Amino acid sequence: MTNPTSPVRVRYAPSPTGIPHIGNIRTALFCWVLAQQTKGEFIVRIEDTDRSRYDADAEKAIFESLDWLGLTWDEGPGKGGPVGPYVQSERQQTYIEAAHRLVESGHAYFDDTTPEQLHALRERQRAAKQPPRYDGRGRHRSTEEIEESRQAGLPITIRLKVPEFGSVSFNDAVRGKITFELKELDDFVILKSDEMPTYHLAHILDDKAMGITHVIRGDEWISSTPRHLLIHQALEIEPPEYVHVPLILGKDKSKLSKRHGATSALEYRDQGFLADAVFNFMCLLGWSPGDDTEVMTREEIVRRFSIDRINDSPATFDVEKLEWMNGVYIRNMSEDELIEHLLPFMERSEADGGLPDTVERPIDQVYLKKLIPLVHERLKLLSEGTETLDFFFADNVYPAAEDLPGRNMDMAMTETALEAALSLCNSVTSFEPEHLEAEYRALAEKIEMKPGQLFSPIRVATTGKAFAPPLFDTMAAIGQERCIERIENALSIVRSAASTSAE
RNA sequence: GGCCCCGUCGUCCAGCGGUUAGGACGCAGCCCUUUCAAGGCUGAGACCGGAGUUCGAUUCUCCGCGGGGCUACCA
């Protein structure tokens with residue numbers, strides 16, 4: 001199907017039973033994009049009809065995830081709108097009324113079968129190698145019998161009467177025509193015994209009341225769509241367009257869930273991923289613009305998105321590619337933007353991955369700004385700012401002796417290198433990077449070492465790390481005084497290692 | 001088990017009857033280079049299988065096989 005040209009009304013209708021994972025959030029993303037493209041409305045509705053599984057933290061995480069990704073909603077909780085409330089538990093009465101109306105019109109009936117009886121029935125079917133399904137026994141209960149059960153305190157549900165023969169089919173926007181045989185379906189519950197509706201009933205009533213034009217949801221709903229069609233028929237209303245998007249799978253190829261590690265958008269935020277990168281990346285999971293373009297702005301995605309380019313097959317989430325894309329987004333940022341994003345991570349407590357607690361907060365932004373060019377293109381995650389920059393802020397660094405020698409160097413050679421480096425560091429007249437480089441290259445030649453051999457111990461001595469930004473820029477940023485201190489420090493580490501091994 | 005969906009490099013995506021099957025991530029090598037990145041170049045790497053249809057199938061159909069989803073008074 002081609003994209004709608006008139007404004008759509010689409011909704012993201014999560015149920016607050018767990019932290020929403022990215023597979024789930026991605027459908028919200030597609031909804032949002034389509035709403036933007038058609039100048040329609042994106043609606044958020046909370047489906048909290050399962051009171052036993054309700055989780056307030058999950059509900060909070062839903063809104064936080066949407067906020068973080070910039071998926072602003074036009075109508076919904078906290079926002080209001082003309083067809084609210086946007087929380088199902090607050091709409092209970094409409095579901096009850098509709099369910100009763102369906103009973104009156106003969107499309108549904110009261111059922112007093114207990115959970116125990118249902119369980120026993122399934123056991124029997126399983127034993128007989130029959131598919132487990134409700135046998136429709138409630139169809140034959142009289143009004144009096146139901147009333148008796150009600151008086152006796154038995155749980156009463158309302159089930160939809162599913163025709164025994166025939167078939168239903170619908171045209172899915174991404175998969176085409178899908179048909180189901182009615183004989184495969186049993187009479188399913190539409191109103192639970194606590195008078196809360198099931199998803200099947202509730203979402204249809206709400207989507208209708210809210211004027212939803214396109215139901216964009218995960219693949220896992222395809223098999224219950226015939227039920228939804230049946231309810232539409234019984235209610236004599238037109239179903240919306242169905243857009244079933246493929247699932248996102250974990251590494252083991254099963255539907256994404258908690259056991260797949262980081263799966264919530266919020267976890268990615270906390271790990272130092274950028275919302276724009278995650279947005280971009282997730283759009284590409286199950287959709288592509290049709291050419292090789294991958295890095296796209298939101299505007300470009302909104303402009304180019306189309307339902308008929310949504311993929312048929314499920315995608316596996318690949319964090320490594322996300323990390324690469326995050327790096328691209330970081331590199332495309334201005335220095336000031338990067339600082340703004342980096343600060344919250346660096347200013348966290350040391351235990352939470354921030355700079356050492358001994359470093360004064362707030363962080364010296366003027367100094368930080370000087371350092372950014374040295375690390376900008378090296379960062380993949382915002383959280384890496386700390387380890388990439390910590391030695392610039394620390395008073396001193398304490399490398400291990402065995403880390404100080406460069407390739408093909410022994411301790412004696414390392415000591416020689418550091419001694420020469422220290423002496424030059426003391427006497428050098430300018431601490432500008434270019435000047436330092438010239439001086440140190442000359443020094444290498446003088447002491448008959450390869451530049452790399454001389455530079456390696458200095459790098460480790462001044463940064464505490466074998467991998468660091470360009471040496472002379474780094475030294476200049478650290479400053480002459482601290483460089484001298486650090487090289488002296490490294491020298492004593494080497495010497496004490498030498499004397500220890502000599503004994 | 002039944003029903004439904006899906007099946008192109010390890011992963012994401014392109015291909016929509018005729019291509020040396022393309023790009024990206026990752027991987028390997030080379031270049032650049034004081035390390036690490038970034039960047040450039042090169043390379044390895046895929047049409048699940050079998051029947052059809054067709055002059056010709058990765059592409060269409062069917063059957064297998066494989067994976068996934070659903071099979072609740074959960075969504």
Side-chain angles (χ1 to χ4, degrees), chain A residues 13-18 24 47-50 52-53 111 113-115 118-119 122 126 129-134 155-159 172 174-175 178-181 183-186 188-200 202-203 217-226 244 246-247 249 251 253-255 281 284-295 309 311-325 327 331 374-380 388 406-407 437 440-441 444 450-456 458-460 463 465-472:
Chain A
S15 105
T17 54
N24 192 306
E47 310 218 321
D48 57 348
T49 53
D50 185 349
S52 63
R53 293 205 305 157
D111 181 35
T113 313
T114 64
L118 251 16
H119 181 75
R122 281 192 207 102
R126 207 190 321 273
K129 297 228 194 304
Q130 298 289 315
R133 53 202 298 277
Y134 176 71
I156 310 291
T157 61
I158 294 180
R159 286 179 185 267
D172 187 85
V174 347
R175 277 158 228 290
I178 302 176
T179 303
F180 290 84
E181 294 300 322
K183 63 173 160 39
E184 305 294 340
L185 264 52
D186 55 10
F188 59 96
V189 173
I190 55 175
L191 195 72
K192 301 184 264 189
S193 58
D194 64 356
E195 299 223 289
M196 275 299 203
T198 57
Y199 167 83
H200 306 304
H203 90 277
R217 62 185 6 174
D219 235 353
E220 74 261 37
W221 291 108
I222 289 181
S223 4
S224 37
T225 305
H244 287 105
L247 262 19
L249 273 25
K251 272 270 176 256
K253 298 289 181 193
S254 71
K255 191 173 157 184
F281 181 75
L284 258 20
L285 245 35
W287 174 79
S288 86
D291 57 24
D292 291 333
T293 316
E294 293 196 310
V295 179
R309 292 206 62 87
N311 253 292
D312 287 358
S313 54
T316 307
F317 192 85
D318 179 13
V319 196
E320 287 191 334
K321 185 152 183 177
L322 209 210
E323 285 178 2
W324 161 77
M325 190 170 274
R331 271 171 254 132
L374 306 188
V375 299
H376 200 145
E377 69 185 18
R378 273 159 245 270
L379 295 174
K380 279 209 300 250
T388 313
R407 250 192 285 273
E437 176 159 7
Y440 273 92
R441 282 193 185 280
K450 289 180 176 162
Q453 290 184 309
L454 172 62
F455 299 169
S456 277
I458 304 177
R459 174 178 305 106
V460 179
T463 68
K465 301 175 202 294
F467 311 136
L471 181 58
F472 303 107

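Quick note on labels: first sequence line is chain A, next is B, and so on, each numbered from 1. The shown structure was predicted, so the numbers you read here are calculated from the model rather than taken from an experiment.
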Trainee: In the 5'-to-3' direction, what one-character label does each nucleotide of nucleotides 67-75 of chain B receive under the scheme B = base within less than 4.0 Å of a protein heavy atom, S = sugar-phosphate only, - = no such atom?
Mentor: -SBSSSBBB

Trainee: Ignoring hydrogens, what is the shortest heavy-atom contact between A:Pro289 and A:Arg309? Give both atom names and the distance.
Mentor: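 For A:Pro289 versus A:Arg309, the nearest heavy atoms are C-NE, 3.6 Å.
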
Trainee: Excluding sequence neighbours, so at least two apart, what forms salt bridge (charged side-chain N to carboxylate O under 4.0 Å, His left out) with A:Arg175?
Mentor: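 Per chain and number, A:Arg175 pairs via salt bridge (charged side-chain N to carboxylate O under 4.0 Å, His left out) with A:Asp219.
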
Trainee: With sequence neighbours left out, what residues match A:Arg459 under salt bridge (charged side-chain N to carboxylate O under 4.0 Å, His left out)?
Mentor: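 Salt bridge (charged side-chain N to carboxylate O under 4.0 Å, His left out) check on A:Arg459 returns nothing, list empty.
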
Trainee: With a 3.5 Å limit on both atom pairs, tell me what B:A57 is paired to, counting Watson-Crick and G-U wobble, or say none.
Mentor: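 Base-paired to nothing in any strand shown.
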
Trainee: Distance between the C1' atoms of B:G15 and B:U59, in whole angstroms?
Mentor: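 After rounding to an integer number of Å, I get 8 Å for this pair.
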
Trainee: Look at all strands and tell whether A:Pro246 reaches a base, only sugar-phosphate, or nothing, counting heavy atoms closer than 4.0 Å.
Mentor: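 No contact at all - A:Pro246 keeps every heavy atom at 4.0 Å or more from the nucleic acid.
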
Trainee: Rounding to the closest angstrom, what is the interatomic distance between B:C73 and B:C25 at atom C1'?
Mentor: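 Each nucleotide's C1' atom is 46 Å from the other's.
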
Trainee: Under 4.0 Å, heavy atoms only, any strand: does A:Gly290 hit a base, just the sugar-phosphate, or nothing?
Mentor: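 Counting heavy atoms under 4.0 Å across all strands, the contact made by A:Gly290 is with sugar-phosphate only.
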
Trainee: What's A:Gly286 touching, base or sugar-phosphate or nothing? Going by heavy atoms closer than 4.0 Å.
Mentor: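 Contact class for A:Gly286: sugar-phosphate only.
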
Trainee: Starting the side chain at C-beta, find the nucleotide from B:C13, B:G23, B:C5 nearest to A:Asp292.
Mentor: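 Closest nucleotide to the A:Asp292 side chain: B:G23.
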
Trainee: Give the minimum heavy-atom separation between A:Thr49 and A:Ala202, together with the two atoms involved.
Mentor: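 Of all heavy-atom pairs spanning A:Thr49 and A:Ala202, the closest is CG2-CB, 4.5 Å.
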
Trainee: Counting only Watson-Crick pairs (N1-N3 plus N6-O4 or O6-N4) and G-U wobbles (N1-O2, O6-N3), all under 3.5 Å, who is the partner of B:C62?
Mentor: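 B:G50 - that is the nucleotide pairing with B:C62, both distances being under 3.5 Å.
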
Trainee: Categorize A:Arg331 for me: base, sugar-phosphate, or nothing, with a 4.0 angstrom heavy-atom threshold over every strand shown.
Mentor: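 If one applies the 4.0 Å heavy-atom cut-off, A:Arg331 turns out to touch the sugar-phosphate alone, with no base involved.
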
Trainee: Roughly how many Å apart are B:A14 and B:A46, using the C1' atom of each and rounding to a whole number?
Mentor: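 These two C1' atoms come out 13 Å apart once rounded.
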
Trainee: Between B:C36 and B:G23, how far is it from one P atom to the other, in whole Å?
Mentor: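 Straight-line distance between the two P atoms is 28 Å.
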
Trainee: Watson-Crick or G-U wobble partner for B:C3, using a 3.5 Å limit on both distances?
Mentor: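 Result: B:G69.
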
Trainee: Kindly point out which of B:G26, B:G23, B:G10 is positioned nearest to the side chain of A:Glu294?
Mentor: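 Among B:G26, B:G23, B:G10, the one nearest the side chain of A:Glu294 is B:G23.
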
Trainee: What interatomic distance, in whole Å, is found between P of B:A24 and the corresponding atom of B:G39?
Mentor: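 Between the two P atoms, the distance is 12 Å.
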
Trainee: Can you check the distance between B:G43 and B:U20, where both ends of the measurement are the C1' atom (answer in whole Å)?
Mentor: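 B:G43 and B:U20 have their C1' atoms separated by 16 Å.
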
Trainee: Tell me, please, which residues at least two apart from A:Phe188 pass ring pair (Phe, Tyr, Trp, His ring centres under 6.0 Å).
Mentor: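 With neighbours one apart ignored, the set is A:His200.
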
Trainee: When the distance from CG of A:Leu374 to P of B:A38 is rounded to whole Å, what number comes out?
Mentor: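 Nearest whole value for this atom pair: 16 Å.
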
Trainee: Does any nucleotide pair with B:G39 by Watson-Crick or G-U wobble geometry, both distances under 3.5 Å, and what is it?
Mentor: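 Base partner found: B:C31.
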
Trainee: Please report the distance, rounded to the nearest Å, between CZ in A:Phe317 and C1' in B:C25.
Mentor: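 So the CZ-C1' distance, A:Phe317 to B:C25, works out to 13 Å.
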
Trainee: Over how many whole Å does the gap from A:Glu320 atom CD to B:G26 atom P extend?
Mentor: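 My rounded result for the distance is 7 Å.
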
Trainee: I'd like the P distance from B:C48 over to B:C13, given in whole Å.
Mentor: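 The answer is 15 Å between these two P atoms.
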
Trainee: Counting any heavy atom closer than 4.0 Å, what does A:Ser52 reach on the DNA or RNA strands: base, sugar-phosphate only, or nothing?
Mentor: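 The answer is nothing, as A:Ser52 stays clear of every strand by at least 4.0 Å.
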
Trainee: How about A:Trp324 and A:Phe281: are their ring centres within less than 6.0 Å of each other?
Mentor: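 No, too far apart.
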
Trainee: Once you apply a heavy-atom cut-off of 4.0 Å, does A:Phe188 come out as touching a base, just sugar-phosphate, or nothing?
Mentor: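 The residue A:Phe188 makes no contact with any strand.
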
Trainee: How would you list, by chain and number, every residue that makes a side-chain hydrogen bond (donor to acceptor under 3.5 Å, both in side chains) with A:Arg122, sequence neighbours excluded?
Mentor: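 side-chain hydrogen bond (donor to acceptor under 3.5 Å, both in side chains) list for A:Arg122, sorted by chain: empty.
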
Trainee: Counting any heavy atom closer than 4.0 Å, what does A:Ala468 reach on the DNA or RNA strands: base, sugar-phosphate only, or nothing?
Mentor: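 If one applies the 4.0 Å heavy-atom cut-off, A:Ala468 turns out to touch a base.
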
Trainee: In whole Å, I'd like the distance from the CH2 atom of A:Trp324 to the P atom of B:G10.
Mentor: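 Spelled out: CH2 on A:Trp324 to P on B:G10 is 20 Å.
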
Trainee: Going by the rule salt bridge (charged side-chain N to carboxylate O under 4.0 Å, His left out), which residues pair with A:Arg126 if we only count those two or more places apart in sequence or in a different chain?
Mentor: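 Result, salt bridge (charged side-chain N to carboxylate O under 4.0 Å, His left out) vs A:Arg126: A:Glu123.
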
Trainee: Should the pair A:Glu320-A:Lys380 be classified as a salt bridge under the 4.0 Å nitrogen-to-oxygen rule?
Mentor: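 Not counted as a salt bridge, because no side-chain N and carboxylate O are separated by less than 4.0 Å.
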
Trainee: Any strand is fair game: report the nucleotide pairing with B:G45 by Watson-Crick or G-U wobble, both distances under 3.5 Å, or none.
Mentor: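 Pairing partner: none.
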
Trainee: Can you identify which nucleotide, out of B:A24, B:A14, B:C36, has its nearest atom closest to the A:Arg309 side chain?
Mentor: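 Nucleotide nearest to A:Arg309's side chain: B:A14.
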
Trainee: Given that A:Leu471 and A:Asn311 both sit by RNA chain B, which one's nearest nucleotide is further toward the 5' end?
Mentor: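 Result: A:Asn311.
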
Trainee: Say we look at B:G49 and B:C65: how far apart would their P atoms be, to the nearest angstrom?
Mentor: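 Going atom to atom, P in each nucleotide, I get 15 Å.
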
Trainee: Go ahead and name the base partner of B:C16; Watson-Crick or wobble counts if both distances stay under 3.5 Å, otherwise write none.
Mentor: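 Its partner: none found.
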
Trainee: Choosing from B:U35, B:A38, B:G2, which nucleotide comes nearest the side chain of A:Glu184?
Mentor: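 Selected nucleotide: B:G2.
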
